[in-house]
Trainee: 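The following block contains the structure, expressed as structure tokens.
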Amino acid sequence: MLMSNFLKIGHRGACGYEPENTLRSIKKALGLGVDMIEFDVYVCKSGELVIIHDDTVNRTTNGQGFVIEMTFEELRRLDAGKGEKIPTLQEVLNLINGQVQVNIELKGAGTAEPVAKVMKDYLSKSLTSWTPEHFLVSSFNHFELQTFHRIIPEIKLGALICALPITLAQFAQDLGAYSLNPSIEFLNQAFIDDAHNRGLKVFVYTVNLPEDIARMKAMDVDGVFSNFPDRL
Ligand code: G3P
Ligand code: MG
């Protein structure tokens, strides 16, 4: 078991403790000593990249509506929990500033290009601490990942999946992914072993219960996403 390389990934920051995908949640994850922080990105109506999980603001804020139909100004008026605002990708990157790795999950269609543009900007700035090695870009939408890869080929890709495919990890290898990021729901040892045999890392979401954490370590996965990263 490669325990020393087991990656502790804060899910939506550390959303078991603080409002998900907020700067407060990101700060909490940093304080808990994670190796990587995961967060979700959408493009809103006025073009800004905002950090939010759902396609609507209904569950995580005091507002109502679809993210892609709201301007940044409208989104910023909302309370995302404990008085937090919905942050931008730039605000999150400025806060983390290369202290840990980040996993940017592309949620909405059409996110690959604007996210790549922002990342290129950060990677070219000599005053920031970001390097290509800090980033893992993932998505359930593998076409978005292909688009992203064409723009910045040196950034690692994570192929998200919530299924157990007949061809196991073949799709992730075909995509040229660095990691297979499966749901714990459909995971089995054959899927993990197949990914490893193809040279892929395996990062599992979302693993919160102590018994599941122990089981994932025993199954030799390379890291897990947790709402409570201190439990890892
Ligand atoms: O990237 C791991 C996990 O965040 C994927 O699912 O729905 O929580 O974004 P979701
Ligand atoms: Mg996510």
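Atoms within each ligand, like the ligands themselves, are counted from 1 in listed order. Just so you know, residue 1 is the first one in the sequence shown, and it goes up from there. These numbers come from the heavy atoms of this one structure, side chains and all, not from hydrogens, waters or symmetry mates.
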Trainee: Could you state the interatomic distance from CG (Leu209) to CD1 (Ile184), rounded to the nearest 0.5 Å?
Mentor: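 Interatomic distance, Leu209 CG to Ile184 CD1, rounded to 0.5 Å: 8.0 Å.
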
Trainee: Show the distances, to 0.1 Å, for all pairs joining an N/O atom of ligand 1 and a protein N/O atom that are shorter than 3.5 Å, listing one pair per line.
Mentor:
unit_1, atom_1, unit_2, atom_2, d
ligand 1, 1 (O), Glu38, OE2, 3.3
ligand 1, 1 (O), Glu105, OE1, 3.3
ligand 1, 4 (O), His11, NE2, 2.8
ligand 1, 4 (O), Glu38, OE2, 2.7
ligand 1, 4 (O), Glu105, OE1, 3.2
ligand 1, 7 (O), His53, NE2, 2.7
ligand 1, 8 (O), His11, NE2, 2.9
ligand 1, 8 (O), Arg12, NH2, 2.8
ligand 1, 9 (O), Asp40, OD1, 3.2
ligand 1, 9 (O), His53, NE2, 3.2
ligand 1, 9 (O), Glu105, OE1, 2.8
ligand 1, 9 (O), Glu105, OE2, 3.4
ligand 1, 9 (O), Lys107, NZ, 2.8

Trainee: Which one of Arg12, Lys82, Lys28, Lys27 satisfies the salt bridge (charged side-chain N to carboxylate O under 4.0 Å, His left out) criterion with Glu18?
Mentor: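 Exactly one option meets the salt bridge (charged side-chain N to carboxylate O under 4.0 Å, His left out) with Glu18, and it is Lys82.
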
Trainee: Can you give the angle Glu105 OE1 - the Mg ion (ligand 2) - Glu38 OE2, rounded to 10°?
Mentor: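 That angle works out to 90° after rounding to 10°.
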
Trainee: Say whether, by atom type as modelled, one donor and one acceptor occur between the side chain of Asn103 and the main chain of Phe135 under 3.5 angstrom.
Mentor: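 Not at all, since once roles are kept as given, no pair shorter than 3.5 Å links the two residues.
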
Trainee: Does this structure show an ion pair linking Arg198 with Asp194, if we count only N-O contacts that are shorter than 4.0 Å?
Mentor: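 Yes, this pair counts.
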
Trainee: Assign the ring pair Phe171 / Phe191 to parallel, tilted or perpendicular, where the plane angle (0 to 90°) is split at 30° and 60°.
Mentor: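 Ring orientation, 0 to 90° scale: tilted.
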
Trainee: Considering non-hydrogen atoms only, spot the tightest contact between Ser25 and Glu20 and give its length.
Mentor: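 Smallest interatomic distance, heavy atoms only, reads OG-CA, 4.3 Å.
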
Trainee: Of all N/O/S atoms in Asp40, which lies nearest to the Mg ion (ligand 2)?
Mentor: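 That would be atom OD1.
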
Trainee: Is it true that, when you exclude Glu113 itself, more than 12 heavy atoms of the residues, nucleotides or ligands shown sit nearer than 6.0 Å to its CD?
Mentor: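 At most 12 heavy atoms, drawn from other residues, nucleotides or ligands, come within 6.0 Å of this atom.
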
